[in-house]
Colleague: 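Before anything else, here's the structure in question.
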Amino acid sequence: MTDELTRATEALREISGEDAERAAATRRRLQQSLERRPPGHRRLSSILAALGIGLGATTAFAFATGQAQRVWSAFVDDPAPAAARDDAPSPPTPPRVAKAEPAPEPVIEPVIEPVIEPVIEPVIEPEPVPEPAPPARPAPTPPTTRRSTGVRPRITSRPPAPETESAAATPAEIEALYRRAHELHFRGGDPAAALRAWDDYLAAEPSGRFAVDARYNRALLLVRLGRYREAREALAPFARGEIAGAYRREEAQRLLDRLSRLNER
Amino acid sequence: MTFPVPAVPSGEDALVARLREGERAAVEETYLAHHVAVRAFARRLVGDESAAEDIVHDAFLALPRAVRRFRGEASLRSFVIGVAINVSRRHIRSAKRRRAATERMAAREDHNGHAADASEQLRNKQLASKLWAALDELPIEQRAVFVLCEAEQRTSVEVAQIIGIPEGTVRTRLFHAKRKLREKLGPKEDL
């Protein structure tokens, strides 16, 4: 006799982690993320080591040239309690930092949980492809000239953004834009507003940390809004695996396939 | 009688040291050595391939920082799976939504006349989907223990090392997880 749970668990056991294509894509993505991440721990160690060596060298130099004794004498000749002055000043003991030792391990509290992402959670939710039929809205005419940006192809349906905006936006403003877009996308009920919000974010930070997520999300919104032609254009680079190490490649391809089926009907 | 704690393979010591230094090549080596196991676990845990990839990515990305807690009581692979459990918290909800969306799409496909495949593979998929839906109702602590013990058939000692909890707690969590899952999956069936 076996119950539903046992059979379902057996089904789970058959799932494998062997997937060469996904493994390679995730490896590329990991490499990119590692390149972007500053090696904070090592950098801090280096800074502390340099400070320690610098301080040690300075102190050693002061003792060698007699500067340290002069400083010490000036210190002990200051008016002080008589009892203290009666005792001959003992030769100054070199401070512990005098030795040019490597800096101590930086005091960093071990984290309980690895923290990878900032507070903002860049969740990408592929939404279900909407029902066919809503007549496509008149879409804004895509720019006729595409700028060749190499790694990150521009999405043609993006409204033109003032070039100066990205320079003017502060990190706090950018974060606010991202938060608003995220909120509208996942919790709001107005895809058009969410699309505008993603556009605002992308205009402020076209190559920012969440730009890839933002582009993918706006592509999904174009699908939801029935702007299929623009959606196809936006999804195409993802489906071709050109974005951020084949980010959401298969999902984008599935959506494109489905969009093409809708066209056929 | 006490059993010796399994020692870390000597080759791992150097790798762990390099990971602690934040060496990128060490992260890559670790990825190549253990990504299959971590991916399998992540897929079993969340039931969505994209979310599983996110978990794999995040776990290895977090490794140089997380490895400072590594004491060598378990293997590096077990440790990475422990990191994957920690990072999976933020992906479970999105995985649930994606699975729901995929199921809706599949239902529409069937409704539109695409023949439903009644193969064993599909039945397994449906069973697994039911289990993931039930797992969604469990706290992550119980969910992870269930997947590690039942789906991956690891011993409670090993799971205790991975998660960093006492072995008795593993057994308690497993007990509660199975009880809840049985309630959700319905009555027993004879085959």
Side-chain angles (χ1 to χ4, degrees), chain A residues 1-19 22-23 25-27 29-43 45 108 110-117 121-129 131 186 245 247-251 254 258 261 265, chain B residues 20-22 24 27-28 31-32 35-44 49-50 53 56-66 68-69 83 86-87 89-91 93-94 97-98 101 104-105 123-125 127-128 130-131 134 147 150-153 178 181-182 185-191:
Chain A
M1 188 175 86
T2 179
D3 63 9
E4 188 89 338
L5 178 60
T6 310
R7 287 189 290 129
T9 309
E10 280 165 9
L12 230 61
R13 267 178 221 143
E14 287 175 17
I15 292 168
S16 149
E18 296 277 0
D19 190 334
R22 279 186 182 270
T26 302
R27 187 183 171 193
R29 197 174 141 206
L30 179 64
Q31 285 168 338
Q32 288 171 352
S33 302
L34 287 168
E35 278 165 23
R36 280 201 299 267
R37 166 178 282 198
H41 174 231
R42 296 186 69 190
R43 184 180 291 174
S45 299
I108 300 171
V111 284
I112 303 303
E113 283 185 19
V115 178
I116 320 155
E117 298 292 340
E121 189 184 4
V123 184
I124 313 300
E125 301 290 337
E127 297 291 334
V129 177
E131 292 294 339
F186 292 107
Y247 179 83
R248 306 284 184 218
R249 179 185 192 168
E250 290 171 26
E251 286 176 20
R254 275 202 296 273
R258 192 154 171 80
R261 281 210 297 276
R265 286 178 192 167
Chain B
R20 285 196 172 120
E21 287 297 309
R24 284 176 198 162
V27 180
E28 275 215 69
Y31 177 83
L32 291 174
H35 72 90
V36 175
V38 180
R39 178 172 295 100
F41 168 74
R43 285 179 173 181
R44 287 170 184 142
E49 293 190 353
S50 294
E53 290 309 310
V56 173
H57 168 269
D58 290 358
F60 283 97
L61 188 60
L63 198 53
R65 191 166 182 175
R68 279 180 258 164
R69 289 183 283 123
V83 178
N86 283 339
V87 301
R89 292 166 199 271
R90 76 189 65 157
H91 296 292
R93 201 173 56 175
S94 57
R97 285 190 195 146
R98 269 195 218 111
R104 278 200 299 273
M105 279 176 76
R123 275 202 299 277
N124 280 347
K125 208 172 172 182
L127 272 171
K130 280 181 76 175
L131 181 51
V147 171
E150 295 295 309
E152 305 215 326
Q153 297 181 296
K178 285 169 82 169
L181 291 172
R182 282 211 164 87
L185 287 176
K188 291 184 177 183
E189 290 176 13
D190 288 324
L191 282 184

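Since we're looking at a predicted model, the values are computed, not measured. So that the names make sense, note that chain A is the first sequence line, chain B the second, and so on, each numbered from 1.
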Colleague: Are the side chains of B:Lys130 and A:Leu5 in touch, meaning some heavy atoms are under 4.5 Å apart?
Modeller: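 A side-chain contact under 4.5 Å is absent here.
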Colleague: Let me see the working for A:Thr6 and B:Arg182 under side-chain contact (heavy atoms from CB on, under 4.5 Å), right down to the final yes or no.
Modeller: CA-CA 9 Å; A:Thr6 310; B:Arg182 282 211 164 87; 4.2 Å; yes
Colleague: With a 4.5 angstrom heavy-atom cut-off, is it the side chain or the backbone of A:Ser16 that approaches chain B, or both, or neither?
Modeller: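 Backbone of A:Ser16 only, per the 4.5 Å heavy-atom cut-off to chain B.
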Colleague: B:Leu32, B:Val56, B:Val147: which one forms the most heavy-atom pairs within less than 4.5 Å of chain A?
Modeller: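 Counting heavy-atom pairs under 4.5 Å, the top option is B:Leu32.
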Colleague: So, taking the atom named CG in A:Leu12 and the one named CZ in B:Arg43, what distance separates them when rounded to the nearest 0.5 Å?
Modeller: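 Rounded to the nearest 0.5 Å, the CG-CZ separation comes to 12.0 Å.
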Colleague: Report the option among B:Asn124, B:Val36, B:Leu181, B:Val38 that has the most heavy-atom pairs separated by less than 4.5 Å from atoms of chain A.
Modeller: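 If we count pairs closer than 4.5 Å to chain A, B:Val36 comes out on top.
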Colleague: Among A:Glu250, A:Glu14, A:Glu18, which residue forms the greatest number of heavy-atom pairs with chain B at distances under 4.5 Å?
Modeller: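 Heavy-atom pairs under 4.5 Å are most numerous for A:Glu18.
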Colleague: Looking at A:Leu30 and B:Leu61, what are the two nearest heavy atoms and their distance?
Modeller: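 Taking A:Leu30 first and B:Leu61 second, the nearest heavy atoms are CD1-N, 3.6 Å.
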Colleague: Report which part of B:Glu49 has an atom under 4.5 Å of a heavy atom belonging to chain A: side chain, backbone, both, or neither.
Modeller: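 Both backbone and side chain.
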Colleague: I'd like to know if the side chain of A:Arg13 and the backbone of B:Glu150 have a donor-acceptor N/O pair within less than 3.5 Å.
Modeller: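 Between the backbone of B:Glu150 and the side chain of A:Arg13 there is a qualifying donor-acceptor contact (under 3.5 Å).
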Colleague: Please examine the side chains of A:Arg22 and B:Ser50, heavy atoms only from C-beta on, and report whether any two atoms are closer than 4.5 Å.
Modeller: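 Yes, close enough: below the 4.5 Å cut-off.
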Colleague: With a 4.0 Å cut-off on N to O distance, would you call B:Arg39 and A:Asp19 a salt bridge?
Modeller: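 The answer is no: the pair does not qualify as a salt bridge.
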Colleague: Mind checking whether B:Leu127 and A:Glu4 have side chains closer than 4.5 Å, heavy atoms only?
Modeller: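 The answer is yes; the side chains approach within 4.5 Å.
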Colleague: Heavy-atom cut-off 4.5 Å, strictly under: side chain, backbone, both or neither for B:Phe60 against chain A?
Modeller: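 Contact with chain A: backbone and side chain both.
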Colleague: Could you check whether B:His35 and A:Thr26, counting side-chain N and O atoms only, form a donor-acceptor pair closer than 3.5 Å?
Modeller: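 No.
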Colleague: Taking side chain as C-beta onward, heavy atoms only, is B:Arg24 less than 4.5 Å from A:Gln31?
Modeller: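 No - every pair of side-chain heavy atoms lies 4.5 Å or more apart.
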